[in-house]
Structures are given as structure tokens and as C-alpha cells.
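Beneath this line is the structure, given in C-alpha cells, with notes to follow.
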Amino acid sequence: MQASAAWSQEHLEDDAQRVQGKLLKAFSEVTGIRAEPAHVDTQRWRYAQTTTPLGQSHLWDAKSGLGACGDWCLGHRVENAFVSGLELALAVA
Ligand SMILES: Cc1cc2nc3c(=O)[nH]c(=O)nc-3n(C[C@H](O)[C@H](O)[C@H](O)COP(=O)(O)OP(=O)(O)OC[C@H]3O[C@@H](n4cnc5c(N)ncnc54)[C@H](O)[C@@H]3O)c2cc1C
């Protein structure tokens with residue numbers, strides 16, 4: 001299960017057990033599945049999403065031969081990471 005960014009923000013400092021209980025309850029309500037899971041783990045990704053992207057696809061300094069790329073350049077999704085990496089590779093080539 002993955003909580004929305006808004007829900008996670010609201011419950012950011014909640015106890016992990018409490019969050020787990022709430023998400024399991026929501027899962028049961030949404031799916032109708034009442035089975036007890038064999039294993040449950042809770043992970044808080046505090047910095048999971050870029051809030052303010054760089055606004056350009058990559059950074060490349062030809063003089064030093066140093067470049068940087070990642071989803072944070074353009075957004076917070078895997079396609080942003082792909083485009084960023086591709087653009088840096090094209091700049092290096
Ligand atoms: C819970 C979650 C769910 C997601 N779901 C989706 C989804 O459904 N769809 C979607 O499009 N995107 C999703 N994303 C976002 C997607 O995972 C990222 O946009 C993408 O992985 C970013 O790729 P990246 O290469 O920029 O960074 P990363 O994938 O974070 O890669 C960075 C790499 O650098 C390594 N690293 C960090 N510091 C160092 C260091 N000092 N030395 C060496 N290595 C280092 C890390 O170990 C990591 O392997 C999700 C993200 C999270 C957290």
C-alpha cells in the first residue's frame with residue numbers, strides 16, 4: 001500500500017504502528033479483504049518527492065567533466081529521471 005502525499009504529510013509524525021493500523025484498515029475497507037497479513041513493514045519516505053525541481057534537464061560542466069542528473073532536475077517521476085539521464089548522456093557524447 002502507498003499512501004498519498006497529502007495523507008502522508010498529515011500523518012508524518014504519527015507513530016509507525018498507528019500508521020500501519022490505519023493503512024491496513026483502509027486496505028480492508030477498499031478491497032473487502034479481511035485476511036491478516038503474514039508480514040507488514042512500514043516505511044516513511046520523508047523526502048520521496050522533489051517539491052521544487054531544478055527546471056533544467058541536467059547539469060554538465062565540460063571543463064571539469066562533471067555532470068549531474070536525476071528526477072529532481074525535472075520532477076519526481078521515473079520518466080523525469082530517464083529524460084534527465086538521457087540528456088546528460090547526449091551532452092557528454
Ligand atoms: C515509494 C516510492 C514510490 C514511487 N513510485 C513511483 C511510480 O509509481 N512511478 C514513478 O514514475 N515514479 C515513482 N517513484 C519515483 C521514482 O522511484 C524516482 O523518480 C526515480 O527512482 C528517480 O531515479 P533517479 O535515478 O533520479 O534516483 P534514484 O533512483 O534515487 O537513484 C539514486 C541512486 O544513487 C545512489 N546514491 C545516493 N547517494 C549516493 C552516494 N553518496 N554514493 C553512491 N551512490 C549514491 C542511491 O543508492 C540510488 O541507487 C517512487 C518513489 C518512491 C520513493
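Any value given below was found using the heavy atoms of this structure, including those in side chains, with hydrogens, waters and symmetry copies removed. Atoms within a ligand are numbered from 1 in the order they appear, just like the ligands themselves.
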Counting each atom of ligand 1 from 1 as listed, which ones have a heavy atom of [X] under 4.0 Å away?
X: H76; result: 15 (C), 19 (O)
X: A81; result: 22 (C), 23 (O), 24 (P), 26 (O)
X: E79; result: 11 (O)
X: G70; result: 26 (O)

Which atoms form the tightest heavy-atom contact between [X] and [Y], and what is the distance?
X: R44; Y: L12; result: NH1-O, 2.7 Å
X: G85; Y: C69; result: CA-SG, 3.9 Å
X: E29; Y: R34; result: N-NH1, 3.9 Å

| remark: Filtering W45, F82, W72 for the heavy atom nearest atom 1 (C) of ligand 1 leaves W45
| Do the side chain of R77 and the main chain of D71 share a donor and acceptor less than 3.5 angstrom apart? | no
| Heavy-atom donor-acceptor pair, S84 side chain to S57 backbone, under 3.5 Å | yes
Is [atom] close to the protein, meaning a heavy atom under 4.0 Å from it?
atom: atom 15 (C) of ligand 1; value: yes
atom: atom 3 (C) of ligand 1; value: yes
atom: atom 38 (N) of ligand 1; value: no
atom: atom 6 (C) of ligand 1; value: no
atom: atom 22 (C) of ligand 1; value: yes
atom: atom 50 (C) of ligand 1; value: no
atom: atom 11 (O) of ligand 1; value: yes
atom: atom 31 (O) of ligand 1; value: no

Quick one: [atom1] on [X] to [atom2] on [Y], what's the gap to the nearest 0.5 Å?
X: H11; Y: R18; atom1: NE2; atom2: CZ; value: 7.0 Å
X: Q9; Y: S4; atom1: CD; atom2: OG; value: 10.0 Å
X: K22; Y: T42; atom1: NZ; atom2: OG1; value: 13.5 Å
X: K25; Y: Q20; atom1: NZ; atom2: CD; value: 15.0 Å

| Polar atom proximity, V78 to ligand 1 (N or O, under 3.5 Å) | yes
| field | Q2 N/O under 3.5 Å from ligand 1 N/O | value | no
| said: So for Q43, does at least one of its heavy atoms come nearer than 4.0 angstrom to any atom of ligand 1? | reply: no
| query | Would you call Q49 a ligand 1 contact, heavy-atom distance under 4.0 Å? | reply | no
| Do T50 and N80 touch side chain to side chain, with heavy atoms closer than 4.5 Å? | no
Among all protein non-hydrogen atoms, which one is nearest to [atom], and what is the separation to 0.1 Å?
atom: atom 19 (O) of ligand 1; answer: D71 OD2, 2.7 Å
atom: atom 52 (C) of ligand 1; answer: A48 CB, 4.7 Å
atom: atom 9 (N) of ligand 1; answer: R77 NH2, 3.3 Å

| said: Other members of the hydrophobic cluster containing V40, with the 4.5 Å side-chain heavy-atom rule, please. | reply: M1, W7, V19, L23, L24, F27, I33
| In one Ile/Leu/Val/Met/Phe/Trp/Tyr side-chain cluster, 4.5 Å: L86, L59 | no
